[in-house]
Amino acid sequence: MAAVATNGNGNVDRIAELRKQANEELKLFNPFYSPTADSASDDTYKHAAYTPHLPVLNWEPLTEIDITDTDRGLFADPGKKSLFSAAQKVKNLTPAIGTEITGIDLRQLTPGQKDELALLVAERGVVFFRDQELNIHEQLDIARHFGPLHKHATTPIPKEPGLEEVHVVYNDAARRPDSSAFSKLELWHSDVTYEIQPPSTTSLKVITCPENGGDTLWSSGYALYSSLSPGFQTYLEGLTALHSGVAQAEGSRAAGLHVRREPIESVHPVVRVHPVTGWKSVYVNPGFTRRIIGVPKAESDVILNFLFHQISDNVDFHVRFSWETNSIAFWDNRIVTHTATFDFWPQRRHALRATPHGEKPESVEDYERRTGKAAKDRQIEIWKQHGVEVPQTKGSPRVLGYND
């Protein structure tokens, strides 16, 4: 290491310089907006073909595709008999979100079982499988069953040619998260919600796992909606919000990297309805939602801050998954947000994501107009299924005899 000039504050200056050099050597980064750079060549790593690669490619802007009535969950057996009968065990991990299935080899799924999986993910938010040997091509085949695949404008793709639709999640000793560059709150997100048609039934397979740490958490937008007062639910149903991909693109450009598609901003309903379940879900996230349209900024800030903290802080909405190598999760980006823990440095964590497009997000009003059906509150529907009397919420009592 080069010598450091000192003065009267020589020790302070030297410490500062050492810290600066150490930071540069470790490539401190914000894991949300700073893309993984091309990884160094390491032929000894068994998954070197799938390490991050950022080639200079240009992709056309995305245009809207009418897939509202083609969601595979619409074609599934509501009881999911084929999928469940093939499993050794099906366990709901919390009442609100998350199911783990054991005893199924995903390579053997029939088209009907894939449809039932799509319906289960739509209902439970996220579904987990362990010990899955399917390769990335087989993972992509399942993903394509759920819809046309998204190609990300800024994040890495594998070095192996022909896998431009794969999103690489990769961290190792060369990349230490910089806690001064981000807050844990802003890491909560639903993938690329700034797109015209954000993702639906997304999958992530971990192919190299740290000994411990690197967990992922998901939060249910259904449960968040159900937790709100009827008046606030109705108010939110009439709102839209701006989702922006600008910061993600700027993060790439600031790192000297190429952006493959120009960033866009889209306006989506604050409460959307899932096209298969008909259930209402809060649809904002700290990573990409910037403001509520048509209300004063102070009002927008308060509402979004409240919803963001409910997403991150209310553990009743959460499920947490501890990965093992060859674990895979399927989640519905329309109804859940997620975040990862960055507690495993300097270990390696490597995963591959396949991301189908969903329909254009649909508001309660638009869903009910299109289908002729009433959009539902998931929690109330589950209570009804179990014969539980639905609590009646009364209005606030009127305060009498008060003079200011």
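Scope of the values below: all heavy atoms of this structure, side chains included, with no hydrogens, waters or symmetry mates.
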Query raised in the report: When you look at CD of Gln385, are more than 12 heavy atoms from neighbouring residues, nucleotides or ligands closer to it than 6.0 Å?
Result: yes
**Report entry** From CA spacing to verdict: side-chain hydrogen bond (donor to acceptor under 3.5 Å, both in side chains), Glu237, Tyr225
**Finding:** CA-CA 10 Å; Glu237 288 172 15; Tyr225 176 86; 2.5 Å; yes
Query raised in the report: Does the distance from a Lys or Arg side-chain N to an Asp or Glu carboxylate O, for Lys89 and Glu100, drop under 4.0 Å?
Result: no
Query - Glu211, CD atom: more than 12 neighbouring heavy atoms under 6.0 Å - result: no
**Report entry** Leu117 side chain reached by Val127 side chain, heavy atoms, under 4.5 Å
**Finding:** yes
Query raised in the report: Between Phe128, Phe321, Phe146, Trp218, which is the residue that forms a ring-ring contact (aromatic ring centres under 6.0 Å, His included) with Trp331?
Result: Trp218
Query raised in the report: With ring centroids as reference points, do His350 and Tyr45 lie under 6.0 angstrom apart?
Result: yes
**Report entry** Heavy-atom side-chain proximity of Arg291 to Lys297 below 4.5 angstrom
**Finding:** no
Report task. I would like to know whether His189 and Asp191 meet side-chain hydrogen bond (donor to acceptor under 3.5 Å, both in side chains); could you show each step before the answer? Result -> CA-CA 6 Å; His189 66 285; Asp191 294 324; 3.3 Å; yes
Report task. Test side-chain contact (heavy atoms from CB on, under 4.5 Å) on Ile104 and Gln113 and set out the steps. Result -> CA-CA 11 Å; Ile104 284 180; Gln113 289 172 325; 5.9 Å; no
Requested in this report: Please list, chain by chain and in numerical order, all residues satisfying salt bridge (Lys or Arg N to Asp or Glu O under 4.0 Å) with Arg261, sequence neighbours excluded.
Outcome: Glu195
Report task. Give a yes or no on whether the ring-centroid distance for His152 and Trp59 is below 6.0 angstrom. Result -> no
Query raised in the report: Just checking, any donor-acceptor pair under 3.5 angstrom between side chains of Asn58 and His258?
Result: yes
Query raised in the report: Does NZ belonging to Lys91 count more than 12 external heavy atoms closer than 6.0 Å?
Result: no
Query raised in the report: Should the pair Arg349-Asp215 be classified as a salt bridge under the 4.0 Å nitrogen-to-oxygen rule?
Result: no
Report task. Return each pair, listed once, that meets salt bridge (charged side-chain N to carboxylate O under 4.0 Å, His left out) where at least one residue sits in residues 338-348; pairs must be two or more places apart or across chains. Result -> none
**Report entry** Residue from Leu62, Leu149, Asn333 passing side-chain contact (heavy atoms from CB on, under 4.5 Å) with His357
**Finding:** Leu62
Report task. In plain terms, say whether Glu359 and Arg272 are close enough for a salt bridge, that is, a side-chain N and a carboxylate O under 4.0 Å apart. Result -> yes
